[in-house]
Amino acid sequence: MDLANRTIDPEEFFRQRQEVLNQWTTGKDVDFEEAVAYHKSLPQSKVFGHKLAEGKAKGITFAQPRAGVALLNEHLELLRFLEEEGEADFLPTTIDSYTRQNRYAEAQTGIDESRMVGRSMLNGFPAVNHGVAACRRLIEHLKVPVQVRHGTPDARLLAEITLAGGFTAYEGGGISYNIPYAKEVSIENTIKYWQYVDRLVGMYEEKGVSINREPFGPLTGTLVPPSVSHGVAVIEGILAVAQGVRSLTLGYGQCGNLLQDVAAIRTLPLLAAEYLNKLGYSDFDITTVFHQWMGGFPQDEAKAYGVISWGAAAAALGKATKVIVKSPHEAFGIPTKEANAAGLRTTKQILNMLKDQSLPMTEDLALEEKMIMEETRAILDRTLDLGEGDIAVGTVRAFQAGVIDVPFAPSRYNAGRILPARDSQGAVRILDFGNLPFHEDIKEFHRERIALRGRDEGRDPSFQMVIDDIYAIGKGMLVGRPK
Ligand SMILES: CCC[C@H]1O[C@@H](n2cnc3c(N)ncnc32)[C@H](O)[C@@H]1O
């Protein structure tokens with residue numbers, strides 16, 4: 001395995017770069033030095049990492065939607081609406097599925113069809129096809145910083161074009177945009193693709209240009225135990241900082257039990273700093289992002305606003321730097337701009353009402369934090385052992401061994417042996433541990449709480465609980481109680 005967690009050799013990087021920039025015609029418009037100068041012409045107010053650092057210092061939780069449509073003018077109109085009517089603190093550009101699969105010819109067809117029929121025929125903005133100048137038009141006509149949000153295993157060309165185009169933040173990672181998004185792409189390959197992306201960001205940073213990087217925290221977004229998503233987030237953070245990334249936002253997808261979610265948001269930056277320092281890194285700034293519930297949503301819009309509000313409340317009480325906002329159309333698909341803006345305003349109302357409040361440290365909260373710290377350390381330590389100290393090699397081997405195992409992931413590189421289920425308070429526990437490297441007393445903690453739920457419900461813990469939990473929120477509950 002010629003994989004290693006070390007800065008990519010410049011010769012290798014530039015060899016790859018020639019290949020990457022030739023993957024689509026718009027690659028020829030990328031000129032790194034010119035792009036650096038363009039970034040330096042942007043006001044600080046448009047620099048994502050700068051605003052995040054300010055928010056972290058003030059203890060503010062910012063709100064950011066997802067949004068993307070096929071054509072440039074309509075996408076700009078959408079983002080301006082979310083900025084004005086939605087009061088978005090940060091803006092996205094959600095990229096379409098063809099681009100995510102490097103299928104630029106089909107993205108082009110989608111653009112042509114959208115022009116013909118007068119509405120978006122793509123589920124996002126095809127930034128590679130639109131190119132550098134089009135990206136810059138977006139950045140120049142928006143007030144707040146803009147981030148590229150997608151789900152791309154090989155995101156090298158998309159990074160080259162959007163970063164040259166003035167975007168100052170880029171989501172994703174070699175694990176988090178593989179395991180939940182691909183079936184057949186090896187983890188070794190996607191870690192290498194994302195080492196390229198992070199090296200490119202490192203090159204911008206070395207020129208004094210801040211580009212924020214945000215691994216995709218929620219993974220499959222369905223009952224992912226905090227220690228599993230934290231393990232992946234910390235690993236991607238280490239891989240990014242190793243290539244020169246400095247502005248790092250680590251994420252977590254809401255599970256639904258308040259104490260567990262607050263504990264998750266509070267422990268994530270601590271674990272990241274602990275392992276980054278342990279591995280000898282010091283030049284980084286960590287912020288956090290909390291994703292409102294990523295699983296099935298109620299169709300009823302009033303209930304959907306309830307789920308959105310609960311996610312906003314957990315983000316505020318956990319003091320996350322940023323919360324990613326859902327809309328009341330979540331159960332149906334891509335929201336209208338009005339619904340997207342409404343989800344934002346609901347979130348902002350909760351954030352404003354809770355910004356001067358905090359959750360007291362209680363025994364239960366401390367226990368949740370302790371469990372997440374111990375479990376995540378167990379995963380990370382075993383991963384480092386498997387890699388004989390190299391976190392990249394260790395990650396590939398950890399997935400092979402099921403030491404890192406993400407529930408409900410499509411990737412054939414994921415063992416898929418663990419089974420999560422909620423306990424009676426709705427916290428996500430583990431029913432089947434697969435090969436997670438947890439010692440007995442951690443396993444006992446999970447078994448006990450699931451057994452208590454079984455007693456409350458008069459049924460033995462089983463896979464049925466998992467199924468009931470997957471549908472619960474869509475049916476207006478949190479815990480999937482039997483009929
Ligand atoms: C992590 C991806 C799933 C979430 O991402 C939203 N999503 C996807 N594509 C778009 C888009 N083009 N505009 C607004 N939201 C979008 C989905 O609704 C879901 O919540």
Side-chain angles (χ1 to χ4, degrees), residues 63-72 74-83 85-86 88 90-101 107 110-111 114 119-127 130 138 146-153 155 158 170-173 175-182 214-222 224 229 232-233 249 251-254 289-299 301 304-305 307-308 310-312 322-344 346-347 406 408-410 473-474:
Q64 181 184 14
R66 296 182 174 95
V69 289
L71 302 180
L72 176 59
E74 286 73 3
H75 186 60
L76 177 54
E77 182 197 335
L78 167 61
L79 294 184
R80 288 172 83 161
F81 187 86
L82 294 174
E83 192 173 56
E85 300 306 313
F90 290 111
L91 286 169
T93 283
T94 301
I95 303 297
D96 71 286
S97 295
Y98 287 125
T99 304
R100 296 179 184 195
Q101 300 300 318
I111 292 170
S114 303
R119 65 182 175 80
S120 180
M121 300 301 281
L122 295 173
N123 63 352
F125 183 73
H130 285 308
L138 289 176
V146 198
Q147 176 185 37
V148 187
R149 301 189 74 86
H150 47 117
T152 310
L158 178 64
Y170 199 75
E171 186 190 26
I175 307 162
S176 61
Y177 270 4
N178 177 338
I179 297 300
Y181 283 94
E214 176 190 330
F216 178 57
L219 302 176
T220 54
T222 309
V224 181
S229 59
V232 171
T249 301
Y252 166 75
Q254 176 182 19
V289 54
F290 184 85
H291 294 250
Q292 292 177 358
W293 175 244
M294 295 294 285
F297 250 66
Q299 293 196 359
E301 291 206 5
Y305 282 118
V307 178
I308 289 166
W310 188 228
K322 192 173 85 166
V323 59
I324 305 297
V325 176
K326 288 283 178 149
S327 89
H329 288 180
E330 179 58 23
F332 306 102
I334 291 177
T336 61
K337 65 179 188 297
E338 292 78 8
N340 211 344
L344 273 162
T346 295
T347 297
V406 179
F408 316 113
I473 290 185

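All ligand and atom numbering here is 1-based and tracks the order in the structure. Each residue takes its place number in the sequence, starting with 1.
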Seminar exercise, completed: Ranked by distance from atom 3 (C) of ligand 1, the top protein heavy atom is M294 CE, 4.4 Å

Problem set entry | For K326, the ligand 1 atoms whose distance to one of its heavy atoms is below 4.0 Å | 19 (C), 20 (O)

Exercise. If you measure from atom 4 (C) of ligand 1 to every heavy atom of K337, R66, R149, which option wins on shortest distance?
Worked result: R66

For this session: Have a look at ligand 1 and work out which part of P335, if any, has a heavy atom under 4.0 Å from it: side chain, backbone, both or neither.
Result: side chain

Problem set entry | A67 neighbourhood, listing ligand 1 atoms whose heavy-atom distance to it stays under 4.0 Å | 13 (N), 14 (C)

Exercise. Is a side-chain donor-acceptor pair under 3.5 Å present for N340 with S327?
Worked result: no

For this session: Salt-bridge test for E74 and R119: reply yes if a basic N is under 4.0 Å from a carboxylate O, no otherwise.
Result: no

Problem set entry | Side-chain donor-acceptor pair present, Q292, K326, cut-off under 3.5 Å | no

For this session: Verify the distance criterion only: is there a donor paired with an acceptor across the side chains of E171 and Q147 at less than 3.5 Å?
Result: no

Exercise. Under the side chain to side chain contact (heavy atoms under 4.5 Å, CB included) criterion, do T99 and H150 qualify, and how do the steps go?
Worked result: CA-CA 9 Å; T99 304; H150 47 117; over 6 Å; no

Problem set entry | Ring-ring centroid check Y181 F216, cutoff 6.0 Å | yes

For this session: Return yes or no for this condition: an N or O of F216 is under 3.5 Å from an N or O of ligand 1.
Result: no

For this session: Report the nearest protein non-hydrogen atom to atom 8 (C) of ligand 1: residue, atom name, distance rounded to 0.1 Å.
Result: T94 CG2, 4.2 Å

For this session: Check each heavy atom of N123 against ligand 1 and say whether those closer than 4.0 Å belong to the side chain, the backbone, both or neither.
Result: backbone

For this session: Name the closest protein heavy atom to atom 17 (C) of ligand 1, giving the residue it belongs to and the distance to 0.1 Å.
Result: E330 OE1, 3.9 Å

Seminar exercise, completed: Near Y181 (heavy-atom distance under 4.0 Å), the atoms of ligand 1 are 1 (C)

For this session: Determine, step by step, whether H130 and F125 satisfy the ring pair (Phe, Tyr, Trp, His ring centres under 6.0 Å) criterion, reporting the C-alpha distance in whole Å, the side-chain angles of both residues, the deciding distance to 0.1 Å, and the verdict.
Result: CA-CA 9 Å; H130 285 308; F125 183 73; 4.7 Å; yes

